Amino acid sequence: MNYLSEKHKQLSESQQSGLMLWFGGLTMDKKAVAIGLSLTVGIGSAAMAWQGTSSDRIYFCIKTPSKTLVCRDKDNRPFRMTPFYWQEWKLSGMTRQVVRDPATGVNGLVKATNPCKPFWAFGGFLGFALAGWMLRHCQDEEKQRAVFEDIAQKRDAAKAEMAARSELLESYRDVAIAEVQLQADLDLIANDRTVDIQKAEIYAHTEIEVTQMEASEAIFEAQTAGMTEQQKAEYIKQLREMKTPYLQGSQTLAGTIDPNDKVTGSEPGAIADGDKYRWINNTIGYPTLIFGGMGAGKSWTTREIIWAKRQAGWNQIFVLDPHGTEVEWRGVNLITGYREIADFMQWYMAQMRRRYKAYRESGMVEEQWTQHLRDTNQHFCVVAEEFTTWTDNITEPMPDDCEDEKWKPDPDFIGKWFRCAMTESRKQLMIPLFVAHDRTMEILAKAKGLSKLRDAALLEVELIATIDPITTEAKASGRGRIKLPGHGQWIDIELPKLDHKRIDFWFDESRTVNEPPTIDKATLERIYELEFNLGNKAGDTQDEPKKLSPMAQKLYEYLTRTERIEADVREFKGNFKVNGERFSVEQIKGWMYEIVGASLADWIGEGVIKLNQI
């Protein structure tokens, strides 16, 4: 055994007996013999201790009044005791009805058949204990040996792996050296060929120049044939002073070879402003995350992206914005209530499952399926405005077939919807657009460990804010960065220059941008009651009170029967049933509008009414 210190060795040896030291030094076969002998002694001693009796017994009977002897109890066991207790009984006053059994032994006395029985029992215990001790010692040694064998096996495996890697490295080294040598030979041959070609070109050019010079000399000799030396000199001087007939006006020979004195085509015009914003087209068909600090321009940029989607043929836009109003989101499907947003998210995931099932059963390829969705106007976009500010208020809706006391919302409901929209939406043209303050997964969907999935699935646009040096407030800088899905490179972009926030998304040329919507008569009457008829009841402006529909009457009776003063549709929706049928939030809200219109209640919040006291 390997000891940690000298003190460890002393304590271990002081706790170990000499017998075990001797036993530990034996070979395995001798240890087995020693254990077998110990077990034999234990078994033999136990067998001897099992037989006979270890003390004398006196058997006795009791005389009955009818002079008969009763020598056994009701369980047919003989009356007996040791001579010591018999003598003690006689001294303490034994009755005369108790007599020894004459039919057993000598006057009721039976001698012990195994007087050494306790010693045999002790021998059996000692044999078994010694065998167990030796077996435990062998077990401890086997555990230590197993550890060393495991280490040895791992060492051998590591050696074998290192040897294999060494062989692979040697093979790779040989291959790499051969590749380098081959590449060097190829480069050398290529250089030799290049030198030969250059030499040939130089030789050819020289030959051409020599030939031209010889031809020029022959032409000159032919032109000056018959001239004297003085006439040749005058002819040469005349050629040198004569201007080049190909130059025009003040043009010089040097000017004709000036690179700047060239006639070129028209220069391309400057890039149009719209080309700087082509990155917006990438956000139309990809799940997109727009994030940035306060004042960076997220809302304005998001609305321009939505407008680009409308121009690209995306007619269905759903906006999830608990703080939004119809005035600022004209031409889109605005969902504001927390419960309504949760219902939409649940419908979205169910719709995603249905579409994938239909896609698998359609027999179409992906391109055909997406074209089918476009042709049938089933493609839509979901905008989660200020996504990180309201996700804590969203809980999973309770199914209609579930009881209130048994319902437990899924705490990861938002995370499941976010992952579904992020990873599964593109093929089914249910594209999300998330607007948040940060890109971390813990902030976005209360989830960790999904950063790689986010980088691979989302197109991310970061908007950069700047600080106004005068007001010290954050404002949009007009700059940002974009990262395509699956790419780690961020590209600088320029944001559109806007002078107002887009609030109208109707794709209709006959409408004026940001034109206020028409207000119906019911809305005008409601504004009058809230603004100008504050001192009177709503019924004062009507000729006669409105009558409730049958379902609105049942809802009113249910609220009064349950003694509700303030009724929140999200609280009693699951409990209000008519003939076992449950109803949606929108249906119940419609009946609540009737109750308020009949002056039986007043609105005090989103989906909350207060019943008037009767």
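Treat the numbers as computed from the prediction; the structure is a model and nothing was measured. Along the sequence shown, residues are numbered consecutively beginning with 1.
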| Residues in disulfide bond (SG atoms under 2.5 Å apart) with Cys61, at least two apart? | Cys71
| request: Would you give the length of the straight line joining atom CD of Gln351 to atom OG of Ser425, rounded to the nearest 0.5 angstrom? | output: 13.0 Å
| query | Taking NZ, NE, NH1 and NH2 as the nitrogens, is one of them in Glu340 or Lys589 under 4.0 Å from a carboxylate oxygen of the other? | reply | yes
| query | With a cut-off of 6.0 Å (strictly less than), are more than 12 heavy atoms of other residues, nucleotides or ligands near CZ of Arg136? | reply | no
| query | Which value, rounded to the nearest 0.5 Å, describes the distance between Leu289 atom CG and Leu459 atom CG? | reply | 9.0 Å
Side-chain donor-acceptor distances from residues 24-32 under 3.5 Å, at least two apart:
{"from": "Thr27", "atom 1": "OG1", "to": "Asp29", "atom 2": "OD1", "distance (Å)": "2.4"}
{"from": "Lys31", "atom 1": "NZ", "to": "Glu141", "atom 2": "OE1", "distance (Å)": "2.6"}

| request: Tell me whether the centres of the aromatic rings in Tyr348 and Trp417 are closer together than 6.0 Å. | output: yes
| query | Counting N and O atoms only, with roles assigned by atom type, does the side chain of Ser38 sit under 3.5 Å from a partner on the main chain of Gly127, one being a donor and the other an acceptor? | reply | yes
| Heavy atoms, side chains only, cut-off 4.5 Å: are Phe60 and Trp89 in contact? | yes
| query | Residues two or more places apart in sequence or in another chain: which of them pass salt bridge (Lys or Arg N to Asp or Glu O under 4.0 Å) with Lys154? | reply | Asp150
| query | So, the side chain of Lys298 versus the backbone of Gly293: is there a donor-acceptor pair under 3.5 Å, distance only? | reply | yes
| said: Please confirm whether the ring centroid of Tyr556 lies under 6.0 Å from the ring centroid of Trp591. | reply: no
Identify every side-chain donor-acceptor pair in residues 40-47 under 3.5 Å, counting partners at least two apart or on other chains, and give the distances.
{"from": "Thr40", "atom 1": "OG1", "to": "Gly36", "atom 2": "O", "distance (Å)": "2.8"}
{"from": "Ser45", "atom 1": "OG", "to": "Val41", "atom 2": "O", "distance (Å)": "2.8"}

| Other residues, nucleotides, ligands: >12 heavy atoms within 6.0 Å of Tyr593 OH | no
| task | Would you name the heavy atoms of Tyr85 and Thr82 that are closest together and state the gap between them? | result | CD1-OG1, 3.0 Å
| remark: In short, Gly285 meets Arg426 closest at the heavy-atom pair O-NE, 3.5 Å
| request: Verify, without hydrogens or angle tests, whether Asp56 (side chain) and Ala112 (backbone) share a donor-acceptor contact under 3.5 angstrom. | output: yes
| task | Report yes if the side chains of Met422 and Pro432 come closer than 4.5 Å at any heavy-atom pair, otherwise no. | result | no
| message | If you define the side chain from C-beta out and look only at heavy atoms, does anything of Thr288 sit under 4.5 Å from Phe434? | response | no
| said: Quick check: do Ser171 and Leu169 have side-chain heavy atoms less than 4.5 Å from each other? | reply: no
| Spacing of CG belonging to Leu429 relative to CH2 belonging to Trp369, to within rounding of 0.5 Å | 10.0 Å
| Worked verdict on Lys416 versus Asp412 for salt bridge (charged side-chain N to carboxylate O under 4.0 Å, His left out) | CA-CA 6 Å; Lys416 289 181 178 179; Asp412 192 34; 5.7 Å; no
| task | List the steps, then state whether side-chain contact (heavy atoms from CB on, under 4.5 Å) holds for Arg72 with Val70. | result | CA-CA 6 Å; Arg72 295 179 177 273; Val70 178; 5.9 Å; no
| task | For residues Thr113 and Gly52, report the shortest heavy-atom separation together with the two atoms involved. | result | OG1-CA, 3.0 Å
| Excluding sequence neighbours, so at least two apart, what forms side chain to side chain donor-acceptor pair (under 3.5 Å) with Arg339? | Asp343
| said: I'd like to know if the side chain of Gln316 reaches the main chain of Asn377, judged simply by a donor and an acceptor atom lying under 3.5 Å from each other, with no hydrogens or angles considered. | reply: yes
| request: Please say which of Thr560, Ile565, Leu600 ends up in a side chain to side chain contact (heavy atoms under 4.5 Å, CB included) with Leu611. | output: Thr560
Taking distance alone, no hydrogens or angles, what donor-acceptor pairs closer than 3.5 Å link side-chain atoms of residues 356-365 to residues at least two apart or in another chain?
{"from": "Tyr356", "atom 1": "OH", "to": "Glu424", "atom 2": "O", "distance (Å)": "2.9"}
{"from": "Ser362", "atom 1": "OG", "to": "Tyr359", "atom 2": "O", "distance (Å)": "2.7"}
{"from": "Ser362", "atom 1": "OG", "to": "Met364", "atom 2": "N", "distance (Å)": "3.3"}

| note | Hits for side chain to side chain donor-acceptor pair (under 3.5 Å) against Tyr59, two or more places apart or cross-chain, chain-then-number order -> Arg80
| message | Once side chain to side chain donor-acceptor pair (under 3.5 Å) is applied, do any residues pair with Arg173, and if so which ones, sequence neighbours excluded? | response | none
| Option passing side chain to side chain contact (heavy atoms under 4.5 Å, CB included) with Leu555 (candidates Leu548, Val569, Ile595) | Ile595
| message | Within a 6.0 Å radius of atom CH2 on Trp86, are there more than 12 heavy atoms belonging to other residues, nucleotides or ligands? | response | yes
| remark: By salt bridge (Lys or Arg N to Asp or Glu O under 4.0 Å), Lys554 pairs with (sequence neighbours left out) none
| query | Side-chain contact, heavy-atom cut-off 4.5 Å: Asn333 with Ile335? | reply | no
| Can you pull the ring pair (Phe, Tyr, Trp, His ring centres under 6.0 Å) pairs that have at least one residue in residues 27-49, sequence neighbours excluded? | none
| query | Should we say atom CH2 of Trp50 is surrounded by more than 12 heavy atoms from elsewhere, each under 6.0 Å from it? | reply | no
| request: Evaluate side-chain contact (heavy atoms from CB on, under 4.5 Å) for Gln428 paired with Phe380, printing each intermediate quantity in order. | output: CA-CA 9 Å; Gln428 301 304 327; Phe380 64 84; over 6 Å; no
| request: Measure the shortest side-chain to side-chain distance between Ile431 and Val382 over non-hydrogen atoms and say whether it is less than 4.5 angstrom. | output: no
| field | Considering all heavy atoms, the nearest Pro322-Ile341 contact | value | CG-CD1, 3.6 Å
| query | Can you find a heavy atom in the side chain of Asn612 that is under 4.5 Å from one in the side chain of Asp602? | reply | yes
| request: Examine the side chains of Arg374 and Gln371 and answer whether a donor and an acceptor come within less than 3.5 Å of each other. | output: no
| field | His379 side chain reached by Met430 side chain, heavy atoms, under 4.5 Å | value | no
Mind listing the side-chain donor-acceptor pairs of residues 93-106 below 3.5 Å, one per line with the distance, residues two or more places apart or on another chain?
{"from": "Asp101", "atom 1": "OD1", "to": "Ala103", "atom 2": "N", "distance (Å)": "3.1"}
{"from": "Asp101", "atom 1": "OD2", "to": "Thr104", "atom 2": "OG1", "distance (Å)": "3.0"}

| CD-NE2 distance between Glu367 and His372, expressed to the nearest 0.5 angstrom | 15.0 Å
| request: Grab the two heavy atoms, one from Ala34 and one from Met134, that are nearest each other, plus how far apart they are. | output: O-CE, 3.5 Å
| query | For Phe583, does the CZ atom sit with more than 12 other heavy atoms under 6.0 Å from it, leaving out its own atoms? | reply | yes
| said: Quiz question: by atom type and distance under 3.5 Å, do the side chains of Glu594 and Ser549 form a donor-acceptor pair? | reply: yes
| How long is the span from the CD1 atom in Ile35 to the NE2 atom in His137, to the nearest 0.5 Å? | 9.5 Å
| task | Would you give the length of the straight line joining atom CD of Gln153 to atom CZ of Phe148, rounded to the nearest 0.5 angstrom? | result | 14.0 Å
| field | disulfide bond (SG atoms under 2.5 Å apart) contacts in which one or both residues fall within residues 80-164, not counting sequence neighbours | value | none
| note | Heavy atoms of Ala49 and Ala121 approach each other most closely as CB-N, 3.4 Å
